Protein chains: 2
Amino acid sequence: MNSKQTTEEKIKEAAKDIFMKKGYSATKTRDIAEHAGINLALLNYYFRSKEKLFNQIMMESMSSFFQGMIMVFMDKESDLEQKFIKIVDGYIEQIKQQPDTPLFILSEMQRNPDEFLSKMTKKLKIQDTILYQQLIAEIGKEKLESVNPIHFLVNLMSMTLFPFIAKSMLEHIGDINSQQFNALMEERKMLIPMWIKQMLR
Amino acid sequence: MNSKQTTEEKIKEAAKDIFMKKGYSATKTRDIAEHAGINLALLNYYFRSKEKLFNQIMMESMSSFFQGMIMVFMDKESDLEQKFIKIVDGYIEQIKQQPDTPLFILSEMQRNPDEFLSKMTKKLKIQDTILYQQLIAEIGKEKLESVNPIHFLVNLMSMTLFPFIAKSMLEHIGDINSQQFNALMEERKMLIPMWIKQMLR
DNA sequence: GTCTATATTCTGATAGAC
DNA sequence: GTCTATCAGAATATAGAC
């Protein structure tokens, strides 16, 4: 199964693992080569440079990270509650497989804001989404005038993503292990949409 | 005013700025020296090494980050709602001055989990705090059996800290500038405690 | 395509003059 | 205390054989 991978795939997989864990600067190309079970020269043969390899992985990570979100945000069939559930469930399920993704993306964005932000999120303005329209339609008139609807979407993302970002800290101060952490996140799949609905009332 | 600083203070301030923005590995000692307006050799004269300088700054950042929190968590005078307000208000006010702090601390923890986690948070187990006791006292019996109280504290931290961590992304997709972002965070000082209270009911 | 050996650049740290 | 010049090691990238 591992042997079915092409060399290029092996390098990319190793690179992804290490870049995600340590970030761009702390990652050594020698480390990647070693973990991929190949020689350092081969890495440059396939990807020309560390930075090009990184950019490829970064772009793919951001794509899969935003892709799902955009589709749900723009879906015309589902109602507001269904969208909440899809977003929370989708992210938790996806990130459980790669828990380092959110911190990785946000850290590297911070390191080099222009590079990535402009490329990926130019298309997505919250205010232009179906989700946003459905949201303001749902909120009561009086509440709409006193509270910016953005807050609720920020809450949705915060409660879903932050636990992964602070995972190691939470496990320490909450005195739980990795398994218990995952169980908590599993519970949150139902809880977060419920809490958000509650806030809108 | 800038000239009243000692050389040591100038180096530390420059180091803090750059470490916070770029993290340990992406920071060059030459960069720090330049921003401090001194020579590279002088940095080593005062701090011996990049790592020692970093550790000093990291420790101070974590102290001021957790210090306030621990005190509120253990305060016997205030009730639950007052604690919520103090925590949210305190953090937002503090981090508005240094918006990079949360992402910096969480990134570097990820980079080197043992180094910092064990030192700083060993004392603080959530379940041993007054806040936690007050929380389970407040939650209805039926709810207490179905929902782990940790969730509410996770929500409190998530809604408070995550916006700063995702600041640049939020400003992009929310189509707002830095000033508007701060205004939103100002609003959240009142909103977050209210939302949490609502969840407990 | 893959490797070994090597060139090149970068970066943290020190020696030594002032 | 502060600087210039320099070293030593690390890390990226390439040359060239197989």
Side-chain angles (χ1 to χ4, degrees), chain A residues 1-61 100 104 107-108 110-112 114-116, chain B residues 1-61 104 107-108 110-112 115-116:
Chain A
M1 171 186 189
N2 226 328
S3 55
K4 286 257 174 98
Q5 280 183 312
T6 67
T7 301
E8 189 172 346
E9 286 168 342
K10 278 193 293 186
I11 296 174
K12 235 164 128 173
E13 187 179 311
K16 192 174 174 183
D17 285 350
I18 300 179
F19 276 136
M20 287 244 190
K21 267 248 171 306
K22 317 218 285 182
Y24 177 80
S25 300
T27 297
K28 319 295 171 211
T29 49
R30 282 178 163 77
D31 242 30
I32 297 175
E34 190 184 336
H35 274 74
I38 53 101
N39 189 276
L40 172 58
L42 257 192
L43 186 151
N44 289 290
Y45 170 77
Y46 279 104
F47 295 93
R48 297 295 299 163
S49 75
K50 175 186 179 181
E51 197 171 354
K52 285 196 171 59
L53 171 56
F54 175 80
N55 283 337
Q56 240 180 275
I57 287 169
M58 183 62 170
M59 286 307 164
E60 289 173 21
S61 295
D100 299 326
F104 169 69
S107 301
E108 295 301 325
Q110 165 78 3
R111 188 180 69 86
N112 201 341
D114 308 321
E115 179 85 28
F116 304 109
Chain B
M1 171 186 186
N2 225 329
S3 55
K4 285 257 172 97
Q5 279 183 311
T6 66
T7 300
E8 189 172 345
E9 285 167 342
K10 278 194 292 187
I11 296 174
K12 235 164 130 173
E13 188 180 309
K16 192 173 173 182
D17 285 350
I18 300 179
F19 276 135
M20 287 245 189
K21 268 248 172 306
K22 317 220 282 181
Y24 178 81
S25 299
T27 297
K28 319 292 170 214
T29 50
R30 283 176 164 78
D31 240 31
I32 298 174
E34 189 184 337
H35 274 75
I38 52 100
N39 189 278
L40 171 60
L42 211 45
L43 185 152
N44 288 290
Y45 170 77
Y46 277 104
F47 296 93
R48 297 295 299 165
S49 76
K50 176 186 179 182
E51 197 172 353
K52 286 197 170 60
L53 172 56
F54 175 81
N55 282 337
Q56 243 181 274
I57 286 169
M58 184 61 170
M59 285 307 163
E60 289 174 21
S61 296
F104 169 68
S107 301
E108 296 302 325
Q110 165 78 4
R111 189 180 67 86
N112 201 339
E115 179 86 27
F116 304 109

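All chains are named by letter (A, B, ...) in the order of the sequence lines, taking the proteins before the strands, and each is independently numbered beginning at 1. Small disclaimer: the values here were computed from a predicted structure and weren't measured.
Separating the CD atom in A:Gln5 from the CD1 atom in A:Ile11 is a distance of 10.5 Å, to the nearest 0.5 Å. Interatomic distance, OH of B:Tyr46 versus CD of B:Glu9, reported as 10.0 Å (0.5 Å rounding).
Taking the six-membered ring wherever Trp is involved, the centroid distance between the rings of A:Phe19 and A:Phe104 does not fall below 6.0 Å.
For the pair B:Glu34 CD and D:dT4 P, the interatomic distance rounds to 13 Å; values are reported in whole Å. With rounding to whole Å, A:Tyr46 atom OH is found 17 Å from D:dT14 atom C1'. The CD1-P distance, from B:Ile38 to D:dT4, rounds to 11 Å in whole Å.
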Close N or O pairs between protein and nucleotides 11-18 of chain C (under 3.5 Å):
residue, atom, partner, partner atom, Å
C:dT11, OP1, B:Lys28, NZ, 3.1
C:dG12, OP1, B:Thr27, O, 3.3
C:dG12, OP1, B:Lys50, NZ, 3.2
C:dG12, OP2, B:Thr29, N, 2.8
C:dG12, OP2, B:Thr29, OG1, 2.6
C:dG12, N7, B:Arg30, NH1, 2.8
C:dG12, O6, B:Arg30, NH2, 3.1
C:dA13, OP2, B:Lys50, N, 2.7

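With hydrogens and angles disregarded, no donor-acceptor distance shorter than 3.5 Å links the side chain of B:Gln110 to the backbone of A:Lys22.
In this structure B:Glu8 satisfies the side chain to side chain donor-acceptor pair (under 3.5 Å) test with no other residue, sequence neighbours excluded.
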